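Remember, it's a predicted structure, so these values are computed and weren't measured experimentally.
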Amino acid sequence: MRRVLVAALLGASLAGCMRKESASPAAPEAGTTAATPSAAAPASNSAPGAILFVSADTRGYLGPCGCSENMRGGIARAASQVLEARKGPLPVLYIDGGNSLFGEPELKPGQVPQEERKAKALSDAMRLMGLAVRATGPLDETRGVQFRQGLGLPELAPGAVKVLPAGARKVGVVAAETPEQLVEASARARAEGADFVLALLDATLDAAQAAVDRPGLKADVVVATRTATEFSGEQNKLVRATVPVVALQSKGRSLLRVDLGYAPQPGAFTLLKGQGDTEREVAALDQRLALLDKDINLPGVDPKLKALKQGKRDELVARKQALLTAPSAPPGDTNGFTLRFVPLESGLPSNPDAQALVAAYDADVGKMNLAWAKEHGQDCPAPKKGQAAFVGSDTCRTCHEEAFPVWEKSKHSHAWDTLEAQGKQFHLNCVSCHVTGWEQPGGVCRLDKVAGREDVGCESCHGPGSEHADAPSKDTIIASPGQSVCITCHNPENSPHFDFATYLPRILGPGHGKPVGSGKSTP
């Protein structure tokens, strides 16, 4: 009998990269309801168990940015997990915890076309996955209640209850904003016939932990659907309290899978304890994947060695996935459930229909953003008196010609090309780290006026150069930029394996950080 993974696993640190997906069929028009595949048809109402998939805190992400190798996430990978499970004998419920449609509570006018289009693509993908119900949070309200409701998703208001058939039992889903709502709604779900209660609490993990200590709580598991900051949701977390509390890795990088097993008679559900060897094997695979990711993302790694390590990584991902999706053993005399995190690794398949929705978004959004910039865009403000402005790398070249051969061999000098190669040069999520002086005095504030500011130029690291150009001195420029400058773009999301000491030598050489004639720069 195949072994059962019964315990949730702490997510590994951000894995790197996104490889190109296979070609996809045409997507439905934005905002329309994508047809649910026939595989999503409900299973028998006498099925001896059910599978629940939960997403939360997606923050408007259709997929990883692709700046590093093997990055987790993507709605197309999530769809593949859910729709593949629907091919089995057990009923599958897909539930979203909210805070998924947008990444910021407020948008600048120029962001609105892109972010609304993205929210519609996410909504279409959720319908494709057969969304049963979803809660809402502050990051779903960014464009207002009318926009959110216009997406046509099955929503659960705070304090509300939804009881869903799940084979031989019923699953109650409750949404709450406060501990008081959580207690009241969970009790009501039981009263309405729910055998298993999944609670979606619009709170951080710490707040959810405090909430589950309230007397009268009738939930079997509580999902904290919000992280405190943009980068505080880097890991999957499970707190084994009397009522387990779960927090998912943010930005759509993991799903929670809940496997329910029904005993012959209804009764309370128990979180089953896993076989230690299975749990240890998955943890060991995570450690090996983390080491491979670091090696694969190492600057200047030999291509042949990189390919070998990538092949090994794909093999480990497949082994891990087999463990995470192994069917549960028969429950015996106990109504039981297991909790597993399913990281959406780069080696996992993407559903073609969901990938087509992402491709359609990518094709539309660049045109929309460029059109908006031409019609409504405004140039960057002039610098205030005594404030330096960006002048462009060509101005720097007049005095620092010796530094440019080093820069031209670096990836910084091709930053704009990498966006053009993916057709994302007009995506607002990407452009700021691929041009010089984004939204700064003398820099770039319009997508239709990027010329002369493409790439990560001199001033991206050394600061605006107008005062230095007028009065050359170490006092009028950042002569030796530190790590704090780099991590504005090489942050945990875009560059999870960034190490200042390792990366810095890649951009130094004769005339740029080293004396002229001191030797070759690092290849």
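Here the closest heavy-atom approach between residue Leu164 and residue Ala132 is recorded as CD1-CB, 3.9 Å. Taking both residues in full, the closest heavy atoms of Gln81 and Phe53 are given as O-CZ, 3.9 Å, listed atom of the first, atom of the second, then distance. Ala354 approaches Leu128 most closely through the heavy-atom pair N-CD2, 3.4 Å.
For Asp195 (side chain) and Arg169 (main-chain N/O), no donor-acceptor pair under 3.5 Å exists by modelled atom type. Listed for the Gln114 side chain is a donor-acceptor partner under 3.5 Å among the backbone atoms of Leu428. Within the 3.5 Å criterion, the main-chain N or O of Thr338 finds no donor-acceptor partner in the side chain of Asp259. Between the side chain of Thr142 and the backbone N or O of Glu106 there is no donor-acceptor pair closer than 3.5 Å. Here the side chain of Arg86 pairs a donor or acceptor atom with the backbone of Gly130 at under 3.5 angstrom. Under a 3.5 Å cut-off, the side chain of Thr502 and the backbone N or O of Phe500 do not form any donor-acceptor pair. The closest donor-acceptor contact from the side chain of Ser232 to the backbone of Ala228 lies under 3.5 Å. When atom types are taken as modelled, the side chain of Asp140 and the backbone of Asn99 share a donor-acceptor pair closer than 3.5 angstrom. Side-chain atoms of Arg340 come within 3.5 Å of backbone N or O of Leu324 as a donor-acceptor pair. Side chain of Ser80 to backbone of Arg77: no donor-acceptor contact under 3.5 angstrom is found.
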Could you go step by step and tell me if Asp57 and Thr225 meet the side-chain hydrogen bond (donor to acceptor under 3.5 Å, both in side chains) rule? CA-CA 6 Å; Asp57 203 35; Thr225 64; over 6 Å; no
Could you give me the CA-CA distance, side-chain angles and deciding distance for Arg313 and Leu289, then say whether side-chain contact (heavy atoms from CB on, under 4.5 Å) is met? CA-CA 6 Å; Arg313 187 189 192 280; Leu289 286 170; 3.5 Å; yes
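Between Lys237 and Val246 the shortest side-chain heavy-atom distance does not fall below 4.5 Å. Looking at heavy atoms from C-beta onward, Glu493 lies in side-chain contact with Tyr61 at the 4.5 angstrom threshold. Between Leu182 and Lys218, every side-chain heavy-atom pair lies at or beyond the 4.5 Å cut-off. Side-chain contact check for Val197 versus Val174: some heavy-atom pair is nearer than 4.5 Å. In this structure, Phe337 and Thr270 have side chains that are not in contact, with every pair of non-hydrogen atoms separated by 4.5 Å or more. Using a 4.5 Å heavy-atom cutoff, the side chains of Phe341 and Leu248 are in contact. With a 4.5 Å cut-off on side-chain heavy atoms, Thr227 and Thr204 do not count as touching. Glu104 has its side chain within reach of Gln111: a pair of non-hydrogen atoms, C-beta onward, lies under 4.5 Å apart.
A salt bridge links Glu234 with Arg253; the closest basic N to acidic carboxylate O contact falls under 4.0 Å. With respect to Arg148 and Glu155, a salt bridge is recorded, a charged nitrogen being found less than 4.0 Å from a carboxylate O. Salt bridge annotation for Lys170-Glu192: absent, with no cationic side-chain nitrogen under 4.0 angstrom from a carboxylate oxygen. Glu345 has a carboxylate O that lies under 4.0 Å from a charged side-chain N of Lys320, or vice versa, which qualifies the two as a salt bridge. The residues Glu116 and Lys120 are annotated as not salt-bridged, no charged nitrogen and carboxylate oxygen being separated by less than 4.0 angstrom.
With hydrogens and angles left out, the side-chain atoms of Asn429 and Lys118 include a donor and acceptor closer than 3.5 Å.
Every ring pair (Phe, Tyr, Trp, His ring centres under 6.0 Å) that Phe498 has, sequence neighbours left out, goes to His490, Tyr503.
Note: Phe196 and Phe269 meet the aromatic proximity criterion, with ring centroids under 6.0 Å apart.
At least 2.5 Å separates the SG atom of Cys65 from that of Cys430.
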